[in-house]
Asks: 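Structure in structure tokens, see below.
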Protein chains: 2
Amino acid sequence: MFPMEKSAPKVPSDRTTRDRLLDAAEHLFGIHGYKGAGMRMLAEEAGVNLGAATYHFGSKDALYIETFLRRFRVMNAERLRLLRESEEQAEGKPLPVARIVDCMIRPLFQSGLKHPSFQLLLARNLFMPPPFLHAVIRQELEPNIKVFQAALLRALPAMPDSLLHLRTMFGMGALLVFSFQMAQMVFERHATFYENVLEEMVRFISAGLQSELPPSPEQWLPFPFPPDSESR
Amino acid sequence: MFPMEKSAPKVPSDRTTRDRLLDAAEHLFGIHGYKGAGMRMLAEEAGVNLGAATYHFGSKDALYIETFLRRFRVMNAERLRLLRESEEQAEGKPLPVARIVDCMIRPLFQSGLKHPSFQLLLARNLFMPPPFLHAVIRQELEPNIKVFQAALLRALPAMPDSLLHLRTMFGMGALLVFSFQMAQMVFERHATFYENVLEEMVRFISAGLQSELPPSPEQWLPFPFPPDSESR
DNA sequence: GGAACATTAATACAAACGTATGACTTATTT
DNA sequence: AAATAAGTCATACGTTTGTATTAATGTTCC
């Protein structure tokens, strides 16, 4: 029933079918969304048989999750790596806000230039993940968010937690929507000076984060990220 | 074949079936998206027959468009009204950036409190509209964007067009994603001090828009809004 | 009151969906 | 070389999809 139930030394065999399926899934799920891309469509684009998908992944959901995590994990790891590297260079001193934001954003830009389809998929899923993905994303993203929040709090000691949380979410929104648009530009081969755009985005978000504190004490509930859409 | 081909003085009759269908569509399309909500689901929630949808709207696409435009139009009109009102009060002097941003954002907050389902629908469609909606949105949004861009340019005369355009887009992104999350909070009856959040968002976006100009001349292509997803 | 129309209702249809199955071919192992 | 496993393939099943069709029921006006 399942591909490697016993023995199976190192998944040596395919390396083609399975990966071609993943690539096709990344591409088509990114463009059409989870509901918009059917298994037959994927199989055709990948040039494999319809049954191959069920064989290698078990179900559409599982394929979707795997497609998403494949790059999401390395992107998050890269984010942490950059931040740690910066903090080592700073030798104990709190990092400037812009630097922290840069560490957060840069991997997304880099990944977007190499894998625009994934960037579409990513934006889709951070915005409105299908229900079965929601927990996965949260679990994968949570440690990341914690670390960056902590770094920002060190850089902005006067800012209340809840306010920073809200502002971070605004920044995420700007980043998210923009990355979606950028992916389509990359897709259409509209080469642009993305380094400039990245700098500009860092400036925008940093300015927002550092803007003056509100006169009245802020009062609101925490907004979860990402929100779960299909829940109702 | 069609409901009011001739005579048909004033569409007097229903006022129930048709509107119940629109309400159900707003609710379910908002939550599940275009692909996620089927005609039978809508009919059941509205408490009407399946055929009624085809009869009153012709097709699923048409129903979707009408559901979207019903509130989108009045929201945009309200935006323009607020801006014009502010400009009259200013008597020729350029408005402060924060004021312009407020006029842009406030109607969305108000609408979100009254019609959270529509807010979900709106965020969905501004982010990744189904292909058949793309042109509609663009046409409806274009004059609005022009007016606000002009007002911002008057407030920020030193800023190059392309930079303002990019920063505006960042702001849109923050607004968009947040409105999606807010809608779900409203849904779950988590009453919060939304006026505070609104102020905070105005502050964030205004700070981003007014942040220092880049040292090097910016160079990039214009990013379209909204981007068309399904196009590839 | 009956003709003309507007609306609702029940049912049918072809297409697309995700998944399951069993036969066939290729690899790997002993 | 035989045997076992891994992978590929064509095909089929049961749902669900959006829409079309046709009959039944209200409603309106002369």
Side-chain angles (χ1 to χ4, degrees), chain A residues 1-25 28-29 31-68 130-133 230, chain B residues 1-25 28-29 31-68 130-133 230:
Chain A
M1 201 67 169
F2 289 105
M4 20 178 175
E5 197 81 340
K6 60 191 310 195
S7 77
K10 45 176 176 159
V11 202
S13 37
D14 46 334
R15 179 71 216 152
T16 39
T17 300
R18 195 186 144 90
D19 288 354
R20 284 221 303 245
L21 222 29
L22 278 174
D23 291 341
L28 294 176
F29 281 143
I31 292 164
H32 298 111
Y34 174 71
K35 290 245 164 78
M39 298 302 279
R40 292 155 224 273
M41 202 191 287
L42 300 190
E44 194 184 358
E45 161 132 343
V48 307
N49 189 273
L50 174 59
T54 322
Y55 176 74
H56 286 282
F57 299 95
S59 72
K60 190 188 181 183
D61 291 14
L63 167 58
Y64 193 78
I65 294 179
E66 195 140 340
T67 306
F68 176 71
F132 64 86
L133 237 188
E230 220 107 10
Chain B
M1 201 69 169
F2 291 104
M4 17 171 181
E5 197 78 342
K6 60 192 306 197
S7 76
K10 46 180 176 156
V11 202
S13 36
D14 51 331
R15 178 71 218 150
T16 40
T17 299
R18 194 186 146 90
D19 288 354
R20 286 222 302 247
L21 222 27
L22 278 174
D23 290 343
L28 294 176
F29 281 143
I31 292 164
H32 302 290
Y34 174 72
K35 291 249 164 74
M39 298 302 280
R40 292 153 224 273
M41 202 191 283
L42 300 190
E44 195 184 359
E45 161 131 343
V48 306
N49 190 274
L50 174 60
T54 323
Y55 176 73
H56 284 282
F57 299 95
S59 72
K60 191 187 182 186
D61 291 13
L63 168 57
Y64 193 78
I65 294 179
E66 195 141 341
T67 306
F68 176 70
F132 64 85
L133 237 189
E230 219 108 11

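Lettering of chains follows the sequences in order, A, B, ..., and the numbering in each one begins at 1. Since we're looking at a predicted model, the values are computed, not measured. These values consider heavy atoms only, across backbone and side chains, with no hydrogens, waters or symmetry-generated copies.
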Asks: Pairs of donor and acceptor atoms involving the side chains of residues 39-52 of chain B, under 3.5 Å and at least two apart or interchain, shall be tabulated with distances.
Replies:
residue	atom	partner	partner atom	Å
B/Glu45	OE2	B/His27	ND1	2.7
B/Asn49	OD1	B/Gly51	N	2.8

Asks: Can you measure B/Tyr55 atom OH to D/dT21 atom C1' for me and round it to whole angstrom units?
Replies: 15 Å
Asks: Out of C/dT8, D/dT19, D/dT8, which nucleotide sits closest to the side chain of B/Asn49?
Replies: C/dT8
Asks: Rounding to 10 degrees, work out the angle separating the end axes of the helix from C/dG1-D/dC30 to C/dT30-D/dA1 (five pairs an end).
Replies: 10°
Asks: Can you check the A/Leu63 CG to C/dT19 C1' distance for me, whole Å?
Replies: 14 Å
Asks: Tell me, please, which residues at least two apart from A/Tyr64 pass ring pair (Phe, Tyr, Trp, His ring centres under 6.0 Å).
Replies: A/Phe29, A/Tyr34, A/Phe132
Asks: Within the sub-3.5 Å range, which N or O atoms of nucleotides 13-18 of chain C have a protein N or O partner, and how far apart are they?
Replies:
residue	atom	partner	partner atom	Å
C/dG18	OP1	A/Lys60	NZ	2.5
C/dG18	OP2	A/Met39	N	2.8
C/dG18	N7	A/Arg40	NH2	2.5
C/dG18	O6	A/Arg40	NH2	2.6

Asks: Roughly, in whole Å, what's the span from CZ in A/Arg20 to C1' in D/dG7?
Replies: 13 Å
Asks: Report the distance from atom CG of B/Asp19 to atom C1' of C/dT7, rounded to the nearest whole Å.
Replies: 15 Å
Asks: What distance separates B/Thr17 OG1 from B/Leu22 CG, expressed to the nearest 0.5 Å?
Replies: 11.0 Å
Asks: Give the rounded distance in Å between these two atoms: CG of B/Leu21 and C1' of D/dT19.
Replies: 14 Å
Asks: List for me each residue that meets salt bridge (charged side-chain N to carboxylate O under 4.0 Å, His left out) alongside A/Glu66, sequence neighbours excluded, and say none if there are none.
Replies: A/Arg18
